[in-house]
Amino acid sequence: MTDKDAKTTRDELERISRQRDGLQAELLERLAQIESLNQELAETNRGVVALYAELDDRAADLREVSELKSRFLSYMSHEFRTPLGAIRSITRILLDQMDGPLTKEQEKQVRFVQSSAEELTEMVNDLLDLAKIEAGRISISPAWFEMVDLFAALRGMFRPLLTNEAVALVFEEPTDVPRVFTDDKKLSQILRNFISNALKFTHKGEVRVSSQYRTPGWVTFSVADTGIGIAREHQGALFQDFVQVDAPIQRRFRGTGLGLALSKRLAELLGGSVAVQSELGQGSTFFAIIPIHFSPNKLPSPEEVQMATKSED
Ligand SMILES: Nc1ncnc2c1ncn2[C@@H]1O[C@H](COP(=O)(O)OP(=O)(O)O)[C@@H](O)[C@H]1O
Ligand SMILES: [Mg+2]
């Protein structure tokens, strides 16, 4: 090896060594960075864990509040029933005129007391039912029954309430609907809510109740009216608690705004769902889509709901 060669090799070695030192320094720097990143991550993790704990606390609080609300509602509704029952029976006695005749004016006033007490009773019953559902204290008692019997019972129930001669309440004979295995009392309650709304908001024409077997496994009930209808922007929120459409005509008939919310919960308890189609000024159709055979934990898919509620034409 010449002196020149040796120098080149030395130079090369020095260069490599410098490069190595540089790389080592860089490596150390990177390690330090990783270490600090790790620390940051650990801190973030602690933060996330703390947040989770807080969320858990909040969720527990919310559950407690909701439980309290349900207990309060059911307690209050229970307490309301007794005095309301007293008011209703006393107004009945007064209207029967057993303790002497009433003047026309007195009779009008007592009738007003009576209808207010009826309304309040309905509201209290709805509240109690909602509270029971929320507390999971409503059970489903399914049984086989014929649609014809259900419709006949509903017809009988509404007959005394049909005071407006310009509106007909029509029950279509269920022809192609098979026997159904579900809780007929809950189903009847849903339909009663739909029908009483339809009668309340229809001044002329008809309220038509029918059942169709459009989707295998599901029966669709519809209550169609020729009433005032509901604007599209109000349709979305209809089934929420205490929602009433804030239009001038609707405002004249103040109810509780609980009937549809209750109907929705009841339909869901039966494994089904509810839906509405309406045209302002033309009328509304409310649907309940219920499984033919009740089995817990079965919900219709969006496609099944769509199929079950689409109009036949
Ligand atoms: N068939 C209908 N036609 C027009 N509006 C309706 C009909 N059914 C329900 N609505 C509207 O939906 C609102 C909520 O109904 P609901 O929950 O039964 O409460 P409520 O009958 O106590 O007012 C009603 O106040 C009314 O504005
Ligand atoms: Mg109602």
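As the structure lists them, so they are numbered: ligands from 1, and atoms in each ligand from 1.
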Within ligand 1, which atoms have a heavy atom of Leu238 less than 4.0 Å away? 11 (C), 12 (O)
Pair Arg63 + Glu67, salt bridge at N-O below 4.0 Å: no
What are the atoms of ligand 1, with element, lying closer than 4.0 Å to any heavy atom of Asp225? 1 (N), 2 (C), 3 (N)
Is Ser284 close enough to touch ligand 1? Criterion: a residue heavy atom under 4.0 Å from a ligand atom. yes
So is Phe286 close enough to ligand 1, meaning a heavy atom under 4.0 angstrom away? yes
Just jot down the ligand 1 atoms closer than 4.0 angstrom to any heavy atom of Lys200, in number order. 20 (P), 21 (O), 23 (O)
Leu260: numbered ligand 1 atoms lying under 4.0 Å from its heavy atoms: 9 (C), 12 (O), 14 (C), 15 (O), 16 (P), 17 (O), 18 (O)
Can Ser66 and Glu64 be counted as having a side-chain donor-acceptor contact under 3.5 angstrom? no
If only side-chain N and O atoms count, and only distance matters, is there a donor-acceptor pair under 3.5 Å linking Arg111 with Ser115? no
Could you tell me which atoms of ligand 1, counted from 1 in the order shown, lie closer than 4.0 angstrom to a heavy atom of Ala198? 1 (N)
Suppose I only count heavy atoms of Leu258 and a 4.0 Å limit; which atoms of ligand 1 are within that range? 17 (O), 19 (O)
Just checking His293 against Trp218, ring centres under 6.0 Å apart? no
Does any N or O atom in Ile228 lie less than 3.5 angstrom from one in ligand 1, N or O only? no
Looking at Lys7 and Asp11, is any side-chain nitrogen of the basic one under 4.0 Å from a carboxylate oxygen of the acidic one? yes
Asn197 N/O/S atom closer than 2.8 Å to the Mg ion (ligand 2): yes
Side-chain donor-acceptor pair under 3.5 Å between Thr285 and Ser222, yes or no? no
Centre-to-centre under 6.0 Å for Phe181 and Phe294, is that the case here? no
